[in-house]
Amino acid sequence: MGRSPEETRWGRIDIILAIAVIVGGLLGMFQLMVGGRGLDLEYVQENLLVYLSAGLFVNLYATTVSFAGGIVIGFFMGWLRSIRSPSLKRVLKQYGPGEEAVGSYSLLRLSVAVLGLGVRYYARRIGDAYVEIIRGTPLFVQMLFVSSVILVSFPEAAQFPIIAGVIALMANTGGYQAEIFRAGLSNVSTGQIEAARGLGLSRLRAMRYVILPQALRLIVPPLTNEYIGLFKASSLLFILGVYGEITFLANQNAFAGNVFEIFAMVAVIFLGFTAVLSFIVRRIEVKFRIPGLGIQHVRTERCEVRPAAIRFTGLLRCRREPGGGSCQPNGTGRMSGVHLAAIRGIRVPQRTQRNPASRPRDFARFLQRGHSGFPSFRIAGMRASMRSFSRFRVRGASRTAPMTSTRSPGSSARTILRNCFAGS
Amino acid sequence: MIEVDGVHKRFGALHVLRGISVKVERGEVVVVIGPSGSGKSTLLRTINLLVQPDEGRILIDGVHVNRRDVRPEWVRQQVGMVFQSFNLFTHLTALDNVVLGLVRVKKVPRENAERKARQLLARVGLAEKERAYPAELSGGQQQRVAIARALALDPKAMLFDEPTSALDPEYIREVLDVMTNLAKDGMTMVVVSHEMGFASSVAKRILFMDAGLILEEGVPEEIFQRPKHERTRSFVGKILR
């Protein structure tokens, strides 16, 4: 849906208001917690490295170890959950002594079939129960449970609370990853499995060489999500008293009084790390992308001009008419009533268009005068070479003429830029 | 070569195959036609045990294969299969699609496997596409890669499950050409297809299936021009029109 300029302007005001509220809120908090005493930058300078090295190391280590274990748990639980089994009724019909029985009936065959069915059924149910229990209880409680069980059975483990913490995190992320894996595995089409089996690959090999490589590519984004979530959840390790854990340090030092500085620092460290991680994963995703599999990245046209440069120069260029009309600076007789009115400074109601042009992505835009489309002062200064900013290149006079004749010697050089600017 | 003897298959209440018996000689090309839902695909799938028959016997080269002590994986190596929807492995290049079976099933060293895969891709006319992923190939090219993939394991026979019906008309020719050459080289083939040109020029026999039974079989001229059975007549009349 397109929005009218009026709406857009209000939308922009909304955004400004939202930013104002957020910044104001942050400033208010700052005022409340730091107040007149001023920011204790010295403390931050002194302790940043301690937090970064010790804290990040412990958190990162715990997260990565439990995530790796979680992948194993998640894969098998997800696999169990995607097992399908026929109903007991059907098995009894097929292998029982009834009319619909297939082949010769024997008690052995029947019991083997029923046993197989039972194993499959309970395997799936075990997976279901695991996921439900993990999802349905707080991580905090899970940690306390695991920790108490370990402390009771191995009292010497009390020296290393991180062991209990990692196990709890592992079990937790395993439950969530089971769902991710289940989604990934069931998204590989049956045709692929059939082809793999038809080639003579065993069930396990088909999983290893055909299904898993495809499923893994599909689930990279949700797995990244899970890793980031787990990384933040690792701050809960402080309740087990894991020394060196970042929030543990923060809690210890918070008594000194620099609460705002400490927790702002912790927040920034977490934020910085997750931002770096998302960036890396995105690069990996692009690198290992395979055409036709998983998320398809939109291919942008190659530009001679760097995109940032275009966006900045966008400040200087004439805006495209929001109605999607094309600009024909000195095209003869192609200027619509709206344009002419704009030049004369008259307001003419805009005709609504069903599919307005997409907006160029500028960092800043000219304010618009009502519905006039172009700011008139720019129209006056426009050159013929800007014709190419129009959304529909073959509009106007040149549409009737053959393309070759409308091409000037330099036009091919301009086409590169034209595509970039057109942006559609 | 392939012998199907009194095979029954049920999917729940659905009785898909009701006692099918076919014999395919070495080097023979048999085309199976019939309305949708008549069990053609299921018949092909039972031959390489992608579908286990409930009753009856499947013999390949005289070996009774649908027994407990015969690994279905072994059977599938003997009989290559080509699917309607190609089913190329999306995450592998054309070359790797062909190589996978050789390396992982036949345990051929990677280098030899690649050499053989290149030969096969050249045979289906796609030597220069070995680095392309399936999504980058046209339907006809994908199907030809799929044929090369099935041929890689040196099967004794090939099964084609409507290999051209998911293709745009312009690509059908190239796939049929590959299949015709294959037949000329003496490959035993069972083809489910409604390509009448291919059936009458290449097939030695035509089977007409309806509702899980083989209603009629004979040489192409017989089936297409003088069908005996009423159902055959109306079906052939529809597809020839």
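Order of the sequence lines fixes the chain letters, A, B, ..., with proteins taken first and strands second; residue numbering starts at 1 for each chain.
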What I want to find out is whether B:Arg110 reaches B:Asp96 closely enough, with some N-O distance under 4.0 Å, to be called a salt bridge.
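Counted as a salt bridge, because a side-chain N and a carboxylate O are separated by less than 4.0 Å.
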
Region of B:Ser85 in contact with chain A, defined by heavy-atom distances below 4.5 Å:
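Neither the backbone nor the side chain of B:Ser85 comes within 4.5 Å of chain A.
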
Is it the side chain or the backbone of B:Phe83 that comes within 4.5 Å of chain A heavy atoms, both, or neither?
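The side chain, not the backbone.
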
Inspect the surroundings of CZ in B:Phe11 and state if more than 12 heavy atoms from other residues, nucleotides or ligands are less than 6.0 Å away.
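Counting neighbours around CZ of B:Phe11, more than 12 heavy atoms of other residues, nucleotides or ligands fall under 6.0 Å, so yes.
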
Heavy-atom count check: over 12 atoms from other residues, nucleotides or ligands less than 6.0 Å from A:Lys287 NZ?
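No, NZ of A:Lys287 has 12 or fewer neighbouring heavy atoms, counting only those of other groups under 6.0 Å.
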
So which of B:Met81, B:Arg45, B:Gln77, B:Arg104 has the largest heavy-atom pair count under 4.5 angstrom toward chain A?
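Sorted descending by pairs with chain A, the first entry is B:Arg104.
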
Member of B:Val178, B:Leu120, B:Leu137 meeting the side-chain contact (heavy atoms from CB on, under 4.5 Å) criterion with B:Arg144
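Among the candidates, only B:Val178 passes.
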
Whether [X] side chain and [Y] backbone form a donor-acceptor pair below 3.5 Å:
{"X": "A:Arg124", "Y": "A:Ser82", "value": "no"}
{"X": "B:Glu3", "Y": "B:Ile58", "value": "no"}
{"X": "B:Asp5", "Y": "B:Ser21", "value": "no"}

Heavy-atom distances under 4.5 Å only: say whether A:Arg205 touches chain B with side chain, backbone, both or neither.
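Interface part for A:Arg205: side chain.
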
In Å and rounded to the nearest 0.5 Å, what is the CG to OH distance from A:Leu230 to A:Tyr176?
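Those atoms lie 11.0 Å apart.
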
Using non-hydrogen atoms and a limit below 4.5 Å, what part of residues 148-169 of chain B faces chain A?
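Residues of residues 148-169 of chain B touching chain A at under 4.5 Å: B:Arg149, B:Leu153.
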
